[in-house]
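Written below as structure tokens is the structure these notes are about.
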Amino acid sequence: MPRGGTGRQRRVSRTKLQERRLQAAAAVDVAPLYDVVVVGGGASGLVAAICAGEKGAHVLLLESSPECGRPLLATGNGRCNFSNVGLAPKYYNDPAFVQAVFGDDPLADILSFFRQCNMRWCLEEERLYPLSRRATSVRSVLLRRAGSAGVTIACARSVIGASRSDEGFTVTYREEFAGNMERTVQSHCLVVSTGGTQSTHDFDVADSLGLESKPAQPILCPVGCEPNPILDLDGRRLHVRAQLTHTAFPVWSERGEVLLRSYGLSGIVVFNMSRQVNTGDLIELDLLPDLTKSELQQIVDPFAHGSFEAGCLDGVLDPDVASRLEGLARSRWTLEDTGRDEPASDSEALMALAKSYPLRATGTTGHEQAQVLRGGICTNQFSTETLECTSIPGLFATGEALDVDGECGGFNLSWAWKSGMVAGTAAATR
């Protein structure tokens, strides 16, 4: 029998592992009252709980999943690019708010925090990874430090509501391991860290406590496109410069790798595009960003005859892509409603397709493929010094629970770490 065993045996093992996790969660005793309750055991929630615990607060962390920090394991393709040496507010949707929360040197604060976790890191381009290049290292050091800080980590408990009480807040949660039995816990301070695509808490802090919020929208995800001939090459990777145009005005451009999918486009460049895209926007791909138009002319039609030879682009483009472009050029194909003049010759048509191949966006592809959700509680309701709600004393928010999102490359995790530090420390000292 193969070392891995049969599929049935592996499924049984996963089932048993889940049972053990639920049993471990059920064994955790939850006291009736805490100084700080953190809702959500993702990146920002774990850091908030650690910082509050290390300041001497009695802390409870409630997580709906059977274990904390699972979303971290998928970051950076399992390697966790946890920050970026180019960290700056300009990479976020609300740079003024982020700047005020970040302070003078957010990267130094983040690296100091992880150095105290006994984690070391390495640099690839501008991205920082754990030295092990494994996301499990990041989660492991956070969980160990939370335990050392005295944090009670109560998993498999889904928060379903919160209200203000004489003690501060009454938090209602459902025990996933006990027939969904509902229980309550009191806290002096409440830290909401429920943002993110994998959060399953049935808890909307805005509705529960009367705060203004924006609806969740999936970003950092693939972009869907209308049917297009080039998308038949599903799985093909291209190095391009992508440009996004909204109502005749270019609004975004970036160079890098895109992945052709049957439904649209993927890849890091496209993930960053997803923060700007609207349904109906025009996407144009420069498939040969290293060649000028005059250099391309010398390859396609050096004698300006108006025609090209089959395979003329094979030396500079994927031959399958080049062949597809040749057929489209000869048929004078172009996406409708781009406002382009019809090319005068086959060679002009081919060069136009190679330098600005058009696709029409249908929007982002949904929550299940998104790395980040845009939206959340509006930031103007929170202090930039403490991340405490200005109208509800004792209520704090971190990470994606707030309407803050950044580009790919460790920026969203950096916001999670720093906002968790600020809110957790402030909640404990309050």
Side-chain angles (χ1 to χ4, degrees), residues 17-73 75 80 82 109-121 130-132 134-159 171 173 175-177 183 185-194 196 198-199 201 396 398-399 413 416-429:
L17 180 60
Q18 185 77 343
E19 289 175 353
R20 285 199 293 269
R21 288 170 178 160
L22 290 174
Q23 289 171 358
V28 174
D29 290 327
V30 176
L33 174 64
Y34 288 85
D35 297 323
V36 178
V37 168
V38 179
V39 183
S44 68
L46 277 167
V47 173
I50 289 167
C51 290
E54 290 179 347
K55 284 291 183 181
H58 187 208
V59 181
L60 170 68
L61 190 156
L62 294 169
E63 166 57 36
S64 59
S65 300
E67 57 182 345
C68 278
R70 284 204 63 81
L72 278 170
L73 302 183
T75 58
C80 189
F82 71 95
D109 296 338
I110 291 166
L111 296 184
S112 176
F113 177 88
F114 280 102
R115 189 177 293 109
Q116 291 172 32
C117 291
N118 289 326
M119 192 183 87
R120 297 298 181 264
W121 48 85
L131 192 59
S132 67
R134 295 288 303 278
T136 51
S137 292
V138 180
R139 184 176 73 151
S140 179
V141 298
L142 291 174
L143 291 175
R144 184 177 67 249
R145 187 166 171 182
S148 298
V151 177
T152 299
I153 297 179
C155 294
R157 291 165 173 88
S158 181
V159 173
V171 181
Y173 62 91
E175 293 181 334
E176 307 293 342
F177 49 81
R183 298 189 184 278
V185 61
Q186 304 290 319
S187 69
H188 296 299
C189 290
L190 177 63
V191 180
V192 179
S193 305
T194 54
Q198 299 188 40
S199 176
H201 289 280
F396 300 79
T398 69
L413 278 178
W417 311 133
K418 181 60 182 181
S419 63
M421 293 179 214
V422 170
T425 300
T429 56

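Since this is a predicted model, take the numbers as computed values, not measurements. Index from 1, following the sequence.
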(request) Considering non-hydrogen atoms only, spot the tightest contact between G41 and E63 and give its length. (result) N-OE1, 2.6 Å
(request) Considering non-hydrogen atoms only, spot the tightest contact between V59 and G53 and give its length. (result) CG2-N, 3.6 Å
(message) Can you tell me if R134 has over 12 outside heavy atoms packed within less than 6.0 Å of its CZ?
(response) no
(message) Keeping S140 on the side-chain end and T136 on the backbone end, is there a donor-acceptor pair under 3.5 Å?
(response) no
(message) Any heavy-atom pair between the side chains of L143 and C68 that's under 4.5 Å?
(response) yes
(message) Any heavy-atom pair between the side chains of L142 and F113 that's under 4.5 Å?
(response) yes
(message) Quick check: closest heavy atoms across V38 and S193, and the distance to 0.1 Å?
(response) CG1-OG, 3.9 Å
(message) What I'd like to find out is whether the side chain of C51 reaches to under 4.5 Å of the side chain of K55, using heavy atoms alone.
(response) no
(request) Output the distance between atom CG (L22) and atom CD (E176), rounded to the nearest 0.5 Å. (result) 8.5 Å
(request) For S148 and R144, indicate whether the former's side chain and the latter's backbone hold a donor-acceptor pair under 3.5 Å. (result) yes
(request) Kindly give the heavy-atom pair with the smallest separation between A25 and A156, and that separation in Å. (result) CB-CB, 3.9 Å
(request) Would you check if T398 and W417 make a side-chain contact, meaning some heavy-atom pair closer than 4.5 Å? (result) no
(message) Just verifying a value: how many Å separate L60 CG and D35 CG, rounded to the nearest 0.5 Å?
(response) 11.0 Å
(request) Search all heavy atoms of A423 against all heavy atoms of V191 and return the closest pair with its distance. (result) CB-CG1, 4.5 Å
(request) Could you check if a side-chain atom of R145 sits within less than 4.5 angstrom of a side-chain atom of E54, using non-hydrogen atoms only? (result) yes
(message) I'd like to know if the side chain of T194 and the backbone of G40 have a donor-acceptor N/O pair within less than 3.5 Å.
(response) no
(message) To the closest 0.5 Å, what do you measure between OG (S137) and CZ (F82)?
(response) 11.0 Å
(message) What's the separation between atom CD1 in I50 and atom CE in M421, rounded to the nearest 0.5 Å?
(response) 9.5 Å
(message) Counting C-beta onward and ignoring hydrogens, is there a side-chain heavy-atom pair between Y173 and V39 closer than 4.5 Å?
(response) no
(request) Could you tell me whether the side chain of S419 and the main chain of A416 form a donor-acceptor pair under 3.5 Å? (result) yes
(message) Using the side chain to side chain contact (heavy atoms under 4.5 Å, CB included) definition, which of the options R157, R21, E19 pairs with F177?
(response) R157
(message) For a quick test of reading the model, state the closest non-hydrogen atom pair linking A154 to V30 and the distance between them.
(response) CB-CG2, 3.9 Å
(request) Spell out, as yes or no, whether a donor-acceptor pair under 3.5 Å connects the side chain of S65 to the backbone of E67. (result) no
(request) Taking the side chain as every heavy atom from C-beta outward, state whether L61 and L46 have any atom pair closer than 4.5 Å. (result) yes
(message) Once rounded to the nearest 0.5 Å, what's the spacing between atom CG of L111 and atom CD of Q116?
(response) 11.5 Å
(request) Kindly indicate whether the side chain of L413, heavy atoms from C-beta on, has any atom under 4.5 Å from the side chain of L72. (result) yes
